[in-house]
Protein chains: 2
Amino acid sequence: MAETSDGPSSEEWRPGQIPPDLDAVSLRMLDVLREDGRISIAALAQQVGISRANAYSRFEALRANGVIVRFTAQVDHVRSGLGVCALVFVTVRQQMWRQFRNQLALMPEVEYCAITTGQHDAMIQIRVPDVATVHHLVTHRLASIPAVKATETVFILDEVLRRPYVLPSDQRPLPQPSGAAPGTDPMPLGMTRFVRADAGRAGLSEL
Amino acid sequence: MAETSDGPSSEEWRPGQIPPDLDAVSLRMLDVLREDGRISIAALAQQVGISRANAYSRFEALRANGVIVRFTAQVDHVRSGLGVCALVFVTVRQQMWRQFRNQLALMPEVEYCAITTGQHDAMIQIRVPDVATVHHLVTHRLASIPAVKATETVFILDEVLRRPYVLPSDQRPLPQPSGAAPGTDPMPLGMTRFVRADAGRAGLSEL
DNA sequence: GTTGAAATTAGTACGAA
DNA sequence: TTCGTACTAATTTCAAC
């Protein structure tokens, strides 16, 4: 359905070859498509300055390579009746991760779930019609999952920014700070290679 | 944390009339469109069991009412070259919210930003090519914003679940627990009416 | 809200540069 | 590879029911 990765098996993807053939033209196509996913291929070809046939083949390549996962409609949650949003930070009982993931997949009000470093193990974002449902979901539905050891909930008061999808072409060429420059470190890790710890803490006093 | 909506206010939206005309058919249309945003109106009409003309008028109404914000392409971040994702929890200096928002808008690697209750004031999600860029962004770019008082960063190790967009129709009709049932509390608050506190905490021992 | 036309556009299949 | 063109199929629009 909409799951990013419900298991260890990636489809046919080896994390070595990170950008398959993402040249500037294809990146511009992605840039256009993320702002208007219903644009016709003809108009897309015109906007990026290539022929229609070329646009068709690139478009299909982007889908075949898995760079474009899907096209989707972004709906206004408040206008569609789900005006309450919250984050639930979950501590997961070790060796019960699979059960945790399976249970999450059964909860349609969960919009997003990420495994994180730091104090908690996972963060889930839920979208429900009212505050009472948040309470019910956290104290009954989540609590009934054995894999869930503890939770901590914060409400989202306002969503300041929601970009469709960030692209590498957005990022300005970073000025080399001094030592090891950002961008010098390709590091083809598949997002599952960090050390679990309170890493990543960066108080500004550090400066 | 006081005013969350110091931005250009709401467009033409009064939070009273939450569902404008979202009947079951339009909800099914949204359900289809969020899984295939490029489907033709003809095929969409067929899937939800209405005529083409009806589908066209409903489709345009959904866009005009702002229920559908945009159509977008979901890209695989790892395949597109942004394999590192992190959450940065930010403590914002009071009365500098506007500056904070303006600065965020200038940072293309910020995919999402939400104002939250709890220990911190805001959570931002960033998407960058490598770990070094996270460090640089947090300790230099974010730190140089006067509105930012402190930050705390966690890395995202894996993204378990990412639903395109949650819809009310996904939510099962909740069984009435006992007392005040969820769903009995419409509470048309515009997402800016919660009390700042450590509210929402729900230890499972509470059960 | 539905059905059935015409007008437009999308998708495909070729060569040619 | 990319482009340009022609051909076929599909979609959108607009009408009447």
Side-chain angles (χ1 to χ4, degrees), chain A residues 12-14 16-76 79-81 164-165 167-169, chain B residues 17-76 79-81 164-165 167-169:
Chain A
E12 75 290 42
W13 172 250
R14 301 166 302 284
Q17 35 140 207
I18 298 235
D21 55 323
L22 268 279
D23 59 353
V25 175
S26 291
L27 279 177
R28 289 203 54 210
M29 288 179 63
L30 288 179
D31 191 32
V32 173
L33 284 170
R34 104 191 126 151
E35 289 200 25
D36 181 7
R38 280 183 79 86
I39 193 174
S40 69
I41 306 296
L44 175 61
Q46 185 176 332
Q47 284 206 25
V48 303
I50 58 177
S51 69
R52 287 203 311 157
N54 193 358
Y56 272 107
S57 56
R58 286 173 177 270
F59 181 80
E60 304 229 354
L62 287 173
R63 302 206 68 167
N65 292 336
V67 178
I68 294 179
V69 180
R70 60 143 75 80
F71 290 92
T72 187
Q74 178 178 341
V75 322
D76 185 306
R79 285 175 168 82
S80 73
Y165 293 99
L167 289 179
S169 53
Chain B
Q17 35 140 207
I18 298 230
D21 55 323
L22 268 279
D23 58 354
V25 175
S26 291
L27 279 178
R28 289 204 54 209
M29 288 179 64
L30 289 179
D31 191 31
V32 173
L33 284 170
R34 102 192 128 151
E35 289 200 25
D36 182 8
R38 280 183 77 86
I39 193 175
S40 69
I41 306 297
L44 174 61
Q46 186 176 332
Q47 285 207 25
V48 303
I50 57 177
S51 67
R52 272 84 47 81
N54 193 358
Y56 274 103
S57 56
R58 285 172 178 271
F59 182 81
E60 305 227 354
L62 287 173
R63 304 206 69 169
N65 292 337
V67 178
I68 293 179
V69 179
R70 57 145 72 85
F71 290 93
T72 188
Q74 179 179 341
V75 323
D76 186 305
R79 284 175 169 85
S80 74
Y165 293 98
L167 290 178
S169 53

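Lettering follows sequence order; numbering is per chain, from 1.
- Comparing dG11(C), dT12(D), dG1(C) against the side chain of Ile41(A) picks out dG11(C) as the nearest.
- An OP1 or OP2 oxygen of dT3(C) is reached within less than 4.0 angstrom by no side-chain nitrogen or oxygen of Ser51(B).
- Leu44(B) places its CG atom 18 Å from the P atom of dA10(D), with the value rounded to the nearest Å.
- With rounding to whole Å, Gln46(A) atom CD is found 15 Å from dC3(D) atom C1'.
- The phosphate of dT2(D) has OP1 or OP2 within less than 4.0 Å of a side-chain N or O from Arg58(A).
- With hydrogens and angles disregarded, no donor-acceptor distance shorter than 3.5 Å links the side chain of Arg58(B) to the backbone of Ala45(B).
- Annotation: of the two residues near DNA chain D, Ile39(B) and Ile50(A), the 5′-most nearest-nucleotide partner is Ile50(A).
- When the side-chain nitrogen and oxygen atoms of Tyr56(B) are compared with OP1 and OP2 of dT12(D), one or more of them lie within a distance under 4.0 Å.
- Among all heavy-atom pairs drawn from Asp76(B) and Val69(A), the shortest one is N-CG2, 3.6 Å.
- As rounded to whole Å, 7 Å separates atom P of dT12(D) from atom CZ of Arg38(A).
- Here dA10(C) is the nucleotide among dC3(D), dT11(D), dA10(C) with the atom lying nearest to any side-chain atom of Arg52(A).
- Here the C1' atom of nucleotide dT12(D) and the CD atom of Glu60(B) are 10 Å apart, to the nearest Å.
- Between Asn54(B) atom CG and dC14(D) atom P there is a gap of 17 Å when expressed in whole angstrom units.
- Contact of the Arg79(B) side chain with the Asn65(A) side chain is not registered, since no non-hydrogen atoms from C-beta on lie closer than 4.5 Å.
- Taking for each of Ala53(A) and Ser40(A) the nucleotide of DNA chain C with the nearest heavy atom, the 5'-most of the two is the partner of Ser40(A).
- Side-chain N or O atoms of Arg38(B) include none that pairs as donor or acceptor with a backbone N or O of Arg70(A) at under 3.5 Å.
- Following rounding to the nearest Å, Asp23(A) (CG) and dT1(D) (C1') show an atom-to-atom distance of 11 Å.
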